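All remarks here apply to the structure that follows.
Since we're looking at a predicted model, the values are computed, not measured. Throughout, a chain's letter reflects where its sequence line sits, starting with A, and its residues are numbered from 1.
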Protein chains: 2
Amino acid sequence: MELTTAEENYLKAIYHLSEEGKKSVATNDIAAEMKTKPASVSDMLRKLGEKEVIEYRKYYGLQITESGKRFALQTIRKHRLWEVFLVEKLNFAWDEVHEVAEQLEHIQSPLLIQRLDAYLNYPKFDPHGDPIPDEFGDVRARPRVQLNEMEIDQTGQIVAVKDSSAAFLRYLDKVGAYIGARIKVLDKVEFDGSLEILVDQKKTLFMSKDVSANILVQQS
Amino acid sequence: MELTTAEENYLKAIYHLSEEGKKSVATNDIAAEMKTKPASVSDMLRKLGEKEVIEYRKYYGLQITESGKRFALQTIRKHRLWEVFLVEKLNFAWDEVHEVAEQLEHIQSPLLIQRLDAYLNYPKFDPHGDPIPDEFGDVRARPRVQLNEMEIDQTGQIVAVKDSSAAFLRYLDKVGAYIGARIKVLDKVEFDGSLEILVDQKKTLFMSKDVSANILVQQS
DNA sequence: TTTTCAAATTAGTCTTGGCTAAAAATATGT
DNA sequence: ACATATTTTTAGCCAAGACTAATTTGAAAA
């Protein structure tokens, strides 16, 4: 069975929205994510239901099926492999890759992905620190915490971001909080939850709670 | 102005069909090339005419405009750069690349193509020996040689004739050695300089030195 | 329990890019 | 020159994927 580009994008959005704890995903949320209208989403849900990549009972919400998860993970795998390629081989900045990868992920050629994976030396994480599913859809996740949940004097390494908008990534780049940076929490203001952190043992940096909640750290 | 994927494909086909000498391209030929029906082609020609990438007078044929040529060459450039990438970096065989490149050529990102070009070291020819237009659409043509000066196993494309008498052209037409034919030198007889050549990967043909000295080939 | 409201779905329309069948225009043969 | 054949275009239809407007449904408040 084959999915269209639009179907792949919807399924990916549904997969991501499912991950965040909730068992059922709202039509409105999908519409927001896809930048379409709820009416268009209803239509697509019916189609995805017919293709059995989601289990859909109208007005009651939906659940992604095992088959659907495999499709979504396959698309995510392609997206993240292309991101690695763009950064490692073509010297893209890590905040420039998303849009292009969004297009490249829909190229249909199993051989291409297999060869690309080998060429990149079977990477396990993309430039944002997100894990790359293997060809069977398995992921090795790293245990992570949000930076704002860390306590004073705790240390770790930035491994991913939650908000990967270009604006946010540019901000992080500017202040030197790149993926892989070693950080230490120097101070935490109880009042507003803002943090003072030390980056790579040299630069200190002041960060609001909103920003720190979007940074994922692997503690050490 | 932006072209859709379908429009890019039509324009590329029209560009290729135009190159082969004729000033006007037939609807039926485009349909054959695109594997669609003539009715669909008529429709698309109207749209391409409105976008002024071709000059279209119905029932009378069409001509590609300068603007159209630039679009077509841009697409061809992308296609051939991706072919080089697939062969040189991902170890595809030269006959496995076309379908994938056909998809990759529609990725929209000037930066991507610029970086890819640099990464591949600004190649001038694709794996099939076809020239890669530069970012302005200029092609560096391969130097031409007389067919009788070529060696065994060399390949190329017939680009011109020295003697353009009707009799000679009729002869060439009869044996299938038209302008644009891809040829390969299979054997060369030292004694009289006569040649055995393969035309378009299917027909073999014997040719005297006198004849071959009047045929100009662009090597690839 | 009813009423009210927000979320979701349906109905109907649009555009793109296909198709078939029919009509129109050009080309060809006698 | 005229009849026939071929090519091309038009007309009308279909599917995907978007939209707006209207309707239905489930949930929340009175």
Side-chain angles (χ1 to χ4, degrees), chain A residues 1-14 17-18 20 22-64 68 71-72 75 102-103 105-108, chain B residues 1-14 17-18 20 22-64 68 71-72 75 102-103 105-108:
Chain A
M1 200 251 303
E2 301 253 314
L3 299 182
T4 66
T5 293
E7 286 169 342
E8 278 185 357
N9 283 331
Y10 271 96
L11 202 53
K12 196 162 56 107
I14 290 166
L17 291 169
S18 300
E20 287 155 25
K22 344 161 180 178
K23 58 219 108 271
S24 172
V25 183
T27 300
N28 270 342
D29 293 349
I30 299 171
E33 181 82 11
M34 296 294 298
K35 290 171 186 169
T36 59
K37 303 290 163 179
S40 312
V41 175
S42 285
D43 235 52
M44 182 55 86
L45 293 183
R46 189 182 39 72
K47 289 179 206 163
L48 293 176
E50 279 164 15
K51 293 200 170 186
E52 297 182 24
V53 292
I54 62 172
E55 207 187 304
Y56 176 53
R57 281 154 53 231
K58 49 187 191 185
Y59 293 107
Y60 271 85
L62 62 97
Q63 249 188 290
I64 193 163
F71 276 108
T75 306
E102 206 66 21
Q103 296 180 60
E105 74 188 6
H106 299 297
I107 304 288
Q108 305 280 9
Chain B
M1 202 251 303
E2 302 253 310
L3 299 182
T4 65
T5 294
E7 287 168 342
E8 278 185 357
N9 283 331
Y10 270 95
L11 202 52
K12 196 162 55 109
I14 290 166
L17 291 169
S18 301
E20 285 152 28
K22 345 163 180 171
K23 58 217 111 271
S24 172
V25 183
T27 301
N28 270 343
D29 293 349
I30 299 171
E33 180 81 11
M34 297 293 299
K35 290 170 186 168
T36 59
K37 302 290 162 176
S40 312
V41 175
S42 284
D43 235 53
M44 183 55 86
L45 292 184
R46 188 182 42 70
K47 289 178 205 165
L48 293 177
E50 280 164 14
K51 294 201 169 186
E52 296 181 25
V53 292
I54 62 172
E55 207 186 303
Y56 175 53
R57 280 153 53 229
K58 47 189 194 183
Y59 292 108
Y60 270 85
L62 62 98
Q63 247 190 290
I64 192 163
F71 276 110
T75 306
E102 205 67 21
Q103 296 181 61
E105 75 188 7
H106 300 296
I107 304 289
Q108 311 274 183

Measure the distance from [atom1] on [X] to [atom2] on [N] and round it to the nearest whole Å.
X	N	atom1	atom2	answer
B/Glu50	C/dG17	CD	P	12 Å
A/Tyr10	D/dA16	OH	P	14 Å
B/Leu45	D/dT9	CG	P	6 Å
A/Lys51	D/dA15	NZ	C1'	12 Å
B/Leu62	D/dT8	CG	P	10 Å
A/Glu7	D/dG17	CD	C1'	10 Å
A/Leu48	C/dT9	CG	P	12 Å
B/Asn28	C/dA25	CG	C1'	14 Å

[X] vs [N]: side-chain N/O to OP1/OP2 distance below 4.0 Å:
X	N	value
B/Thr27	D/dT9	yes
B/Lys58	D/dT7	no
B/Lys37	C/dG18	no

**OP:** For the side chain of B/Tyr59, starting at C-beta, report the closest nucleotide among C/dG17, C/dT26, D/dG17.
**Re:**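 Among the listed nucleotides, the one closest to the side chain of B/Tyr59 is C/dT26.
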
**OP:** Please tell me which of the listed nucleotides, C/dT9, D/dG17, D/dT8, lies nearest to the side chain of A/Tyr56?
**Re:**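 Taking heavy atoms from C-beta onward, the closest nucleotide is C/dT9.
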
Give [X] one of three labels, base, sugar-phosphate or nothing, depending on what nucleic acid heavy atoms sit under 4.0 Å from its own.
X	answer
A/Ala26	sugar-phosphate
A/Ala39	base
A/Ser40	base

Subject >> Stepwise side chain to side chain contact (heavy atoms under 4.5 Å, CB included) test for B/Tyr10 and B/Ile30 >> reply: CA-CA 8 Å; B/Tyr10 270 95; B/Ile30 299 171; 3.8 Å; yes

Original post:
Where each residue is assigned the nucleotide of DNA chain D containing its nearest heavy atom, which of B/Ser42 and A/Met44 is assigned the position nearer the 5′ end?
Top reply: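 Closest to the 5' end, via its nearest nucleotide, is B/Ser42.
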
Subject >> Of A/Tyr60 and A/Lys35, the one whose closest DNA chain D nucleotide lies more 5' >> reply: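 In this pair, the answer is A/Lys35.
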
Original post:
With no hydrogens and no angle check, is any side-chain donor or acceptor of A/Lys51 less than 3.5 Å from a backbone partner on A/Glu2?
Top reply: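 Side chain of A/Lys51 to backbone of A/Glu2: a pair is present.
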
Subject >> Option from A/Glu33, A/Glu102, A/Glu7 for which side-chain contact (heavy atoms from CB on, under 4.5 Å) with A/Lys12 holds >> reply: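 Looking at A/Glu33, A/Glu102, A/Glu7, the match for A/Lys12 under the side-chain contact (heavy atoms from CB on, under 4.5 Å) is A/Glu102.
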
Original post:
Do you know which two heavy atoms are closest between B/Ser18 and B/Val25, and how far apart they sit?
Top reply: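 Distance-wise, the nearest heavy atoms are OG-CG2, 3.5 Å.
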
Original post:
How far does CG of B/Leu17 sit from CE of B/Met34, to the nearest 0.5 angstrom?
Top reply: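 With rounding to 0.5 Å, CG (B/Leu17) is 10.5 Å from CE (B/Met34).
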
